[in-house]
2 protein chains.
Amino acid sequence: MSIKGIFPIDKWDFGSESILADLPLSDLEILMSRKSEQVYKKGQVIFREGAYPSGIYYIANGKVKKYKVDAEGREQIIYVANTGELLGYHAILSVDNYPDSAAVLEESTIAFIPKEDFLEAINQSGVLNRRLLKTLSHEFAVLANSLTLFAQKSVRERLALQLIVVREKYKVNFEPGMPVEINMSRDDLASLVGTARENVVRMLSEFKAEGTVETKGRKIIVLDVKRLIEIANYR
Amino acid sequence: MSIKGIFPIDKWDFGSESILADLPLSDLEILMSRKSEQVYKKGQVIFREGAYPSGIYYIANGKVKKYKVDAEGREQIIYVANTGELLGYHAILSVDNYPDSAAVLEESTIAFIPKEDFLEAINQSGVLNRRLLKTLSHEFAVLANSLTLFAQKSVRERLALQLIVVREKYKVNFEPGMPVEINMSRDDLASLVGTARENVVRMLSEFKAEGTVETKGRKIIVLDVKRLIEIANYR
DNA sequence: TAAAAAAAGTGAGTTATATCAATTTTTATA
DNA sequence: TATAAAAATTGATATAACTCACTTTTTTTA
């Protein structure tokens, strides 16, 4: 049985249901007609929580973290978005300010789509409408799942789980036999797992000692996914 | 300044944006034409996680907990829904099984609305469509908020916060000066906060000792909401 | 490529919270 | 209303995870 069979990635990841995939060309045209692309450098912020939204963003290429910052300035990553995904539509649809911030994890090309074009596309397209309802509902399920994770799983279990999820996102040009290199800072990994950097580092050392992962500088390579599933104690 | 000003309840509660409020009568007619009401006794389950959805539910009267159960059988409450709210639409919209379970917290009257009627109402009604998009996006913001809470706040802080949120839900026939009685089992409160029952009890005793809350049997009465906000250490 | 800066890693001490065991109080039932 | 059952409460102990202080390695920049 494949890893996907044992570990249903769609229950852990919004992105597995893309909003734009197979969208009629006419809808895409409305959406993309006036888009403007921009290259963001590593760490650069796309939008900040609480700001008023003037459009949505499309990740033409790269990776983006969505996060919230608490009173003490600590970051909590809610989601890592990948190439091909949309950002910032929640704020437009809920007629509210951005509920979270977004910053790029690596140099990325991001397209800006004006609010008016997005709203027109929704008005014109039943498909986009249904797709959005489906995606948002799916996101609810995934987020509810994450919530349960945070409430009930140990830091160790959460780290194992997130390594599996994040590894999937770093499968660019993946070929069987080729190792997947997770190129994420310990700080970001920590704020994804919801713990301090030191704990992530310590536990990674343990995983390394038992041969479950390997590191190349800051890069993490998972050697034994099944063992991670075991550690995560997932059903 | 009112409590709502200091503590923006819409950031904590899905229900503050009702799907059905002010919906055109014609839409409500499609939705409610074939509904069937049923009285559920305290603790009774409405639907279970993983089951195939055949419709949605409307809480005509009562309170419902939405929750997930982990491998060890521990419950995690995701949300407490109140009179007037809809349940179970995520599963229909995401074309998937129920992502969570629902059970009534007190004797409740629940109406069942067949899947076909819900889908037809969506097809017929642009208003309902937009309302759903708005609600789902708002739910995302609230759930993202909860996630951050779980990741970054202590059990003590979370308990204080949930007491404020839950108190709002027990404001039935509220009149100024009248105390609001939170009639929720310690077990449910614990699984809402994400901790063990014993911890909730212990902390409630502390809150009682400092005069912040009072208990009447199992019922909890908040005497000092501002103090709870302080304990929660909220912005 | 050397120097500076940033990030990663290690160790020790502390604390919040989980867990186990038992008692008391409240609520439901006969 | 007595009795049983369920829920709430208290206490003691164990431990996972946090925090602080510091060193080493890696990455960036000049």
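For the numbers below, each heavy atom of this structure counts, side chains included, while hydrogens, waters and symmetry mates do not. Order of the sequence lines sets the chain letters (A, B, ...), proteins ahead of strands, with each chain counted from 1.
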Nearest-Å distance for atom pair [atom1]/[atom2], residues [X] and [N]:
X      : N      : atom1 : atom2 : value
B:E157 : D:dC18 : CD    : C1'   : 14 Å
B:E107 : C:dA28 : CD    : P     : 12 Å
A:R156 : D:dT15 : CZ    : P     : 15 Å
A:N199 : C:dG13 : CG    : C1'   : 14 Å
A:K219 : C:dG9  : NZ    : C1'   : 19 Å
A:M203 : C:dG11 : CE    : C1'   : 15 Å
B:L204 : D:dT9  : CG    : P     : 7 Å
A:R74  : D:dT19 : CZ    : C1'   : 11 Å

Task: Matching residue for B:Y57 among B:F112, B:Y98, B:Y89, B:Y40 - test: ring pair (Phe, Tyr, Trp, His ring centres under 6.0 Å) - done: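 Answer to the ring pair (Phe, Tyr, Trp, His ring centres under 6.0 Å) test with B:Y57 among B:F112, B:Y98, B:Y89, B:Y40: B:F112.
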
TODO: Can you measure from CD1 (B:I182) to NZ (B:K216) and round to the nearest 0.5 angstrom?
DONE: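 One gets 13.5 Å once the value is rounded to the nearest 0.5 Å.
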
From [options], pick the nucleotide closest to the side chain of [X]?
X      : options                : result
B:R197 : C:dT19, C:dT10, D:dA8  : D:dA8
B:K208 : D:dT9, C:dA8, C:dT19   : D:dT9
A:R202 : D:dT19, D:dT28, D:dT10 : D:dT19
B:S185 : D:dA8, C:dA18, C:dG9   : D:dA8

Should [X] be listed as having a side-chain N or O under 4.0 Å from OP1 or OP2 of [N]?
X      : N      : value
B:R218 : D:dA8  : yes
A:R186 : C:dG9  : yes
B:T195 : C:dA18 : yes

- [ ] Measure the acute angle between the ring planes of A:F140 and B:H90, then classify it against the limits of 30° and 60° as parallel, tilted or perpendicular.
- [x]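 Rings of A:F140 and B:H90: parallel, as their planes differ by under 30°.
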
Open item on the list: Assuming nearest nucleotide by heavy-atom distance, tell me which of B:K42 and B:R158 is located more 5' along DNA chain C.
Closed with: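 Per heavy-atom nearest nucleotide, the more 5' residue is B:R158.
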
Open item on the list: Suppose we call a contact any N or O donor and acceptor under 3.5 Å apart; does that hold for the side chain of A:E198 and the base of D:dC20?
Closed with: yes

Task: Electrostatic pair A:D96-B:K11, nearest N-O below 4.0 angstrom - done: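 Answer for the salt bridge query: yes.
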
Task: Residues, nucleotides or ligands: over 12 heavy atoms within 6.0 Å of A:K219 NZ - done: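 Result for NZ/A:K219: open.
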
